[in-house]
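Single-structure report; data block below.
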Protein chains: 2
Amino acid sequence: MTSKRRKPTIDMVARQSEVSKTTISRFLNGKYEYMSEETRNRIQRVVDELNYRPNNFARSLKSNRSGLIGVVVADIASPFSSILVKGIGDLCNERGYQIITTNTDEDPQKERDYLESLVGGEMVEGLIVNTTGMNDDLLSQLGHQGIPIILADRAMEHLEFDTITNDNYSMTRNALKHVVDSGFEHVAFFTQQIGRNSARRTRFEAYLDFFEFEPNTAPFVYELDTNDSQGVRKAIEHFRQRTNGRPAAIFAVNGVVSLAVLRSIAELGLHMPRDIGLCGYDDWEWATLVPPGITSIEQPSYEVGVEAAKRVIARIKGLKAKPKLIELPSTLRVRGSTKLK
Amino acid sequence: MTSKRRKPTIDMVARQSEVSKTTISRFLNGKYEYMSEETRNRIQRVVDELNYRPNNFARSLKSNRSGLIGVVVADIASPFSSILVKGIGDLCNERGYQIITTNTDEDPQKERDYLESLVGGEMVEGLIVNTTGMNDDLLSQLGHQGIPIILADRAMEHLEFDTITNDNYSMTRNALKHVVDSGFEHVAFFTQQIGRNSARRTRFEAYLDFFEFEPNTAPFVYELDTNDSQGVRKAIEHFRQRTNGRPAAIFAVNGVVSLAVLRSIAELGLHMPRDIGLCGYDDWEWATLVPPGITSIEQPSYEVGVEAAKRVIARIKGLKAKPKLIELPSTLRVRGSTKLK
DNA sequence: TTGTAGGCGTTATCAT
DNA sequence: ATGATAACGCCTACAA
């Protein structure tokens, strides 16, 4: 099996075709105007015969272009990220780039390691990062070294790179308005640790602003560990007690939280929307199947990926422009969980 | 911004440290026994100062090792694949490899293109493929060229490469046994086009064998287009008519089909398990939330990824062994949709 | 302990 | 229309 014949090189092709490697190189790069019809055919034949493919590393070494784009996501297993990656991949491939995907698991240290290893050795020509938010300095530094960087979904503290997100602020307000208009008198904000995650921060701000709460005196903010189901249940019960039978709804900051809340609601045997309303980020294919249907916000993750990829390629090709924030519109899907009647 | 200073090379480091590139190279590869404490420190200082990183392409060119593993999946956006990729990524990174992920969208042509472009230019050292099943020849050929290939989840017609899947055959039988034991008298097999997809084929075989049906006379096999919701509804109604009020259940070949069936069941206003039972592949985090809970089979996708990665790295490192089929155990999660009481 | 020189496979410059 | 040759940045005999 596995024939150990070394891969053919441009030299072998040259020898077999009885021309110099220069000519082969020209052939490979489509510069046919520099050779006779006959030579061209002969080379073609030899190339096919040997099944020759130019070595990318030699090419990259020479040209300083790898055709590789680095993608750093926080959690590839989440629907949001995997669709994001799909969008990135589709566009990149269309444009002749391949992507190297790395997964940080929301761990800033891993993020640092990947960033450094990706750009370190000239490996990638550009970077699309869904950052933990804890490495602004490093990103900044890499940016200064000249590598194009695009932020996907999550922004940095300062707008230093092109950033593709969705309309977190306005859509959160829209959703809250919808909930209030539906008759809910109290709305809690359920979130994972906010930290430096820009999406969560923005949504939280929108929540505070909408209800005109002061940052630290907002009554119904629950920052929880979604793996601690008991904690989630307690939070829900606490919220319900405090609202004292008045119509109350939960706004979930993202899909992970929504799911945890849903699970706890089921465990507590509560009825939506009568006992508790629910609305929040991340729409799923099954959102209609869980009674009474879950009102949720659908993010344009595929499009975010596509835009990010377009932008990074534009930068690679030399686009000079001030860093820009691009907000793609998301969609509110109203379903039973917020229909109070 | 973007300082255009060229990246430092080993030469510059050598000059600044006032030693030869050889010594620098030794330093970079940790061969400290060949230099004095002092030289070593001096070099370290210069490296830090220049923020020097060796160029991977030059290294790869020289060593013929890229540290890259190609991953070809059929649908990165599906939970199954994204978790698979996560498993692959985690293991590869632990072992110092990066992965290039490509997404075929179940398109054999794209699959061919990616395979060729990945191995073509020496780009990757090994390949993990979740194949459409339509490119056995090409895979075979690439294998003969000497590149390690591992198949993840889906096998080829002949066992030519290490293949990591799960126990499709036995688990399908288990699940069917469970359904029958629960009192369902008829079980239909709902599937997407089977084609050359080995997972689907195996599950189908298990179904036929279990009920001792002849391939073409099995009464309740529905091969459908899951995007055609009307088609799915019709299939369900057809099945129910034919079973004439006797307890009947659907076995769904994968998560996409399960979801389509669930949606149709809801649209038809059927009650599970009374009007129809459901059981099938792919367990989700939300399977308990859709009443009465969906009985399903949880595949070890993360582990499949990890095993595939281990294996491909072992092959890269020179492991010679007959191709092996590794079946990882999956788990049947029994819930309300098959509890006839 | 350190250095010299040649080569990995391509491409680009300058000849012919 | 075609070739010789020198890079690209790194590694590794072989020397010293």
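Per chain, numbering begins at 1; letters A, B, ... match sequence-line order. Side chains included, hydrogens not; waters and symmetry mates left out as well; all remaining heavy atoms used.
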Measure from CE on A:M35 to C1' on D:dA1 and round the result to the nearest Å. 9 Å
Identify the residue among A:K324, A:K322, A:R315 that makes a side-chain hydrogen bond (donor to acceptor under 3.5 Å, both in side chains) with A:D162. A:R315
Tell me: NZ of A:K31 to P of D:dT2, nearest whole Å? 15 Å
Categorize B:T23 for me: base, sugar-phosphate, or nothing, with a 4.0 angstrom heavy-atom threshold over every strand shown. sugar-phosphate
Interatomic distance, B:N56 CG vs C:dC8 C1' [rounded to whole Å]: 15 Å
Quick one: label B:Y52 by what it contacts on the DNA or RNA (base, sugar-phosphate, nothing), any heavy atom closer than 4.0 Å. sugar-phosphate
For a quick check of understanding: with a heavy-atom distance under 4.0 Å over all strands, which category does A:T39 fall into, base, sugar-phosphate or nothing? sugar-phosphate
D:dG3, OP1 or OP2 - any side-chain N/O from A:S20 closer than 4.0 Å? yes
Whole angstrom value for the distance that separates P of D:dT12 from CZ of B:R65: 11 Å
Taking the side chain of A:N55 as heavy atoms from C-beta outward, which of D:dC8, C:dT10, D:dC11 is closest to it? C:dT10
Could you check how far CZ of A:R15 sits from P of C:dT10, rounded to whole Å? 12 Å
Side chain of B:R26: nearest nucleotide among D:dC10, D:dT5, C:dT2? C:dT2
No-H, no-angle donor-acceptor pair, A:K62 side chain to C:dA12 base, under 3.5 Å: no
Using a cut-off of 4.0 Å on non-hydrogen atoms, how would the nucleic acid contact of B:S25 be classed: base, sugar-phosphate, or nothing? base
Closest approach to the side chain of B:L61, judged atom by atom: which nucleotide of D:dG9, D:dC10, C:dT11 is it? D:dG9
Report the distance from atom CD of A:E18 to atom C1' of D:dA4, rounded to the nearest whole Å. 18 Å
Just compare D:dT2, D:dG9, C:dT2 and give me whichever is closest to any side-chain atom of A:Y34. D:dT2
Whole Å only: how far is the CG atom of B:D11 from the P atom of D:dC11? 12 Å
Phosphate OP1/OP2 of D:dC11 contacted by B:R59 side-chain N/O (<4.0 Å): yes
Provide the closest heavy-atom pair for B:I313 versus B:I69 in the form atom of the first, atom of the second, distance. CG1-CD1, 3.9 Å
Where do A:R154 and A:A74 come nearest, in terms of heavy atoms and distance? NH1-CB, 3.7 Å
Less than 3.5 Å between a donor and an acceptor, one on the side chain of B:T22 and one on the base of C:dT4, is that the case here? yes
Identify the two heavy atoms, one from A:I147 and one from A:L142, that lie closest to each other, and give their separation to 0.1 Å. CG2-O, 3.3 Å
Nucleotide nearest B:L28 (side chain, heavy atoms from C-beta), chosen from C:dT10, C:dT2, D:dC11: D:dC11
Side chain to side chain donor-acceptor pair (under 3.5 Å) assessment of B:E106 paired with B:N197: CA-CA 10 Å; B:E106 301 277 7; B:N197 182 306; 4.9 Å; no
Whole Å only: how far is the NZ atom of B:K21 from the P atom of C:dT1? 23 Å
Chi angles and distances behind the side chain to side chain donor-acceptor pair (under 3.5 Å) call for B:N103, B:Y114: CA-CA 8 Å; B:N103 182 249; B:Y114 287 141; over 6 Å; no
Within the 4.0 Å heavy-atom criterion, would you say A:S36 contacts the bases, only the backbone, or no part of the nucleic acid? sugar-phosphate
Please classify the nucleic acid contact of A:Y32 as base, sugar-phosphate, or nothing, using heavy-atom distances under 4.0 Å. nothing
What contact category does B:E38 fall into here, base, sugar-phosphate, or nothing, at under 4.0 angstrom with non-hydrogen atoms? nothing
